[in-house]
Enquirer: 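Submitted below is the structure of interest, expressed as structure tokens.
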Amino acid sequence: MSVTAETQGVRVESPVAPQPDRSSATIVPRWLRWTLGGAAVLVALWLPNGLYPTVAVDIACWALFAVAVDLLLGYTGLMSFGHAAFWGTSAYATGLAAINWGLPFPLAVLLGALAAVLLAVPVGYLAVKRVGIYFAMVTLAFAQMVYYIANQWRSVTQGENGLQRVPRELFGLDLTDEYYFYYAALPIVAGGLFLVWRAVHSPFGRVLVAIRDNPARARALGYPVHRYKLAAFLLSAFTAGLGGGLFAIGHRFVSLDVLHWTTSGKAVIIVVLGGIGTLWGPVVGAAGVTRLEDWLSFAGFEQIGLVTGAIFVLAVLIFRRGLWGTVTHWLRRRG
């Protein structure tokens, strides 16, 4: 598909048609956005009362991870299959800081997120120069390298045994109960989500959307495309690091699974199920997938991946825009 324009009598054809901005600000009216925001706050406060607190913590962590992936995939047009490297690096750094230095868990999580950003600088610098499947393969290759290093560096990561008994220190408060830990971690989750939301609803986010739709045109307008992509990559790694650090503190255990490529695949599935380029969609997808996995595990069903994979295929066939994306598309048509 292409669009044409007339410039000084010369017919110019662009290889990519501009796509409408898929942010919620252009789809639903302001009063509905405020209503949805208030409902989200109420649901977040109610969540550990309606579900197991451990499941509520997992939903919050995976929501951060999925939103980080959506920032790249939905707003920058970059498919990353290696974000488990940042999620897992932060988990290990957070666990080591809490065990060895006894830091309060918010500081340990922040330190883990910064470690993820530090890793993302060289990875992103090399990856953003590639597009499409090449970008995905570069990120996957680096993630597998990090997985191999963590597996072999047993003196630090404990190899297959993982980091055990990660403390939940918060200035002497007793957070052994997951119920209270959820509310202690909720401000960090809200801060990470707000950071991404503010970024995509700023001029920076508008440039990312322009790069996603037509990078050649954005470059012709004078925007340093690679720098914007790298900035989005670092912000995405930081947000994923916040989720990974909270995941380590919440489970009080860090294993090699946090670095496995299937962890990145699960985050991509959550984003596609919820709706690419919506921000709310990954949160809804994280809640649905995490709750489904918990229900199947509690029911004694072992082939959980078979069920989630089948649901993913059906959702892609029936809801082409994802669950939340389909709802917002319907609201836009009604408007």
Enquirer: Look at the side-chain heavy atoms of Ile, Leu, Val, Met, Phe, Trp and Tyr, link any pair under 4.5 Å apart, and say whether Tyr92 and Ile99 land in one connected group.
Expert: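 Yes, one cluster joins them.
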Enquirer: Are Lys229 and Phe233 in a cation-pi contact, defined as NZ or CZ under 6.0 Å from the six-membered ring centre and within 45° of the axis?
Expert: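 Pair Lys229/Phe233 does not count as cation-pi.
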Enquirer: For the pair Phe247 and His251, name the ring-plane relationship: parallel under 30°, tilted 30 to 60°, perpendicular over 60°.
Expert: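 Ring orientation, 0 to 90° scale: tilted.
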Enquirer: What residues, two or more places apart in sequence or in another chain, satisfy side-chain hydrogen bond (donor to acceptor under 3.5 Å, both in side chains) together with His260?
Expert: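 For His260, the residues satisfying side-chain hydrogen bond (donor to acceptor under 3.5 Å, both in side chains) (neighbours in sequence not counted) are Thr262.
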Enquirer: Is there side-chain contact between Pro106 and Ile188, with at least one heavy-atom pair below 4.5 Å?
Expert: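 Heavy-atom side-chain distance check passes, below 4.5 Å.
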Enquirer: Would you say CZ of Arg198 has more than 12 non-hydrogen atoms from neighbouring residues, nucleotides or ligands within 6.0 angstrom?
Expert: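 Not more than 12 within 6.0 Å, no.
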Enquirer: Could you tell me whether the side chain of Val146 reaches within less than 4.5 Å of the side chain of Leu119, counting heavy atoms only?
Expert: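 Sidechains of Val146 and Leu119: in contact.
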Enquirer: Can you tell if the side chain of Tyr179 reaches within under 4.5 Å of the side chain of Asn49, non-hydrogen atoms only?
Expert: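 Answer yes - side chains close enough.
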Enquirer: For Glu160, which residues count as a side-chain hydrogen bond (donor to acceptor under 3.5 Å, both in side chains) partner, sequence neighbours excluded?
Expert: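 Residues passing side-chain hydrogen bond (donor to acceptor under 3.5 Å, both in side chains) with Glu160: Arg154.
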Enquirer: Determine, using ring centers only, whether Trp62 and Trp87 are less than 6.0 Å apart.
Expert: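 Yes, they do, as the ring centres are separated by less than 6.0 Å.
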Enquirer: List for me each residue that meets side chain to side chain contact (heavy atoms under 4.5 Å, CB included) alongside Tyr180, sequence neighbours excluded, and say none if there are none.
Expert: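 Tyr180 satisfies side chain to side chain contact (heavy atoms under 4.5 Å, CB included) with Leu175, Asp177 only.
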Enquirer: Does Tyr183, at its OH atom, have more than 12 non-hydrogen atoms belonging to other residues, nucleotides or ligands within less than 6.0 Å?
Expert: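 Above 12, so yes.
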Enquirer: Could you tell me whether Arg321 atom CZ has more than 12 heavy atoms of other residues or ligands within 6.0 Å of it?
Expert: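 No, CZ of Arg321 has 12 or fewer neighbouring heavy atoms, counting only those of other groups under 6.0 Å.
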Enquirer: Is a salt bridge present between Arg252 and Glu178, judged by a nitrogen-to-oxygen distance below 4.0 Å?
Expert: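 Between Glu178 and Arg252 there is no salt bridge, as every charged N stays at least 4.0 Å from the carboxylate O atoms.
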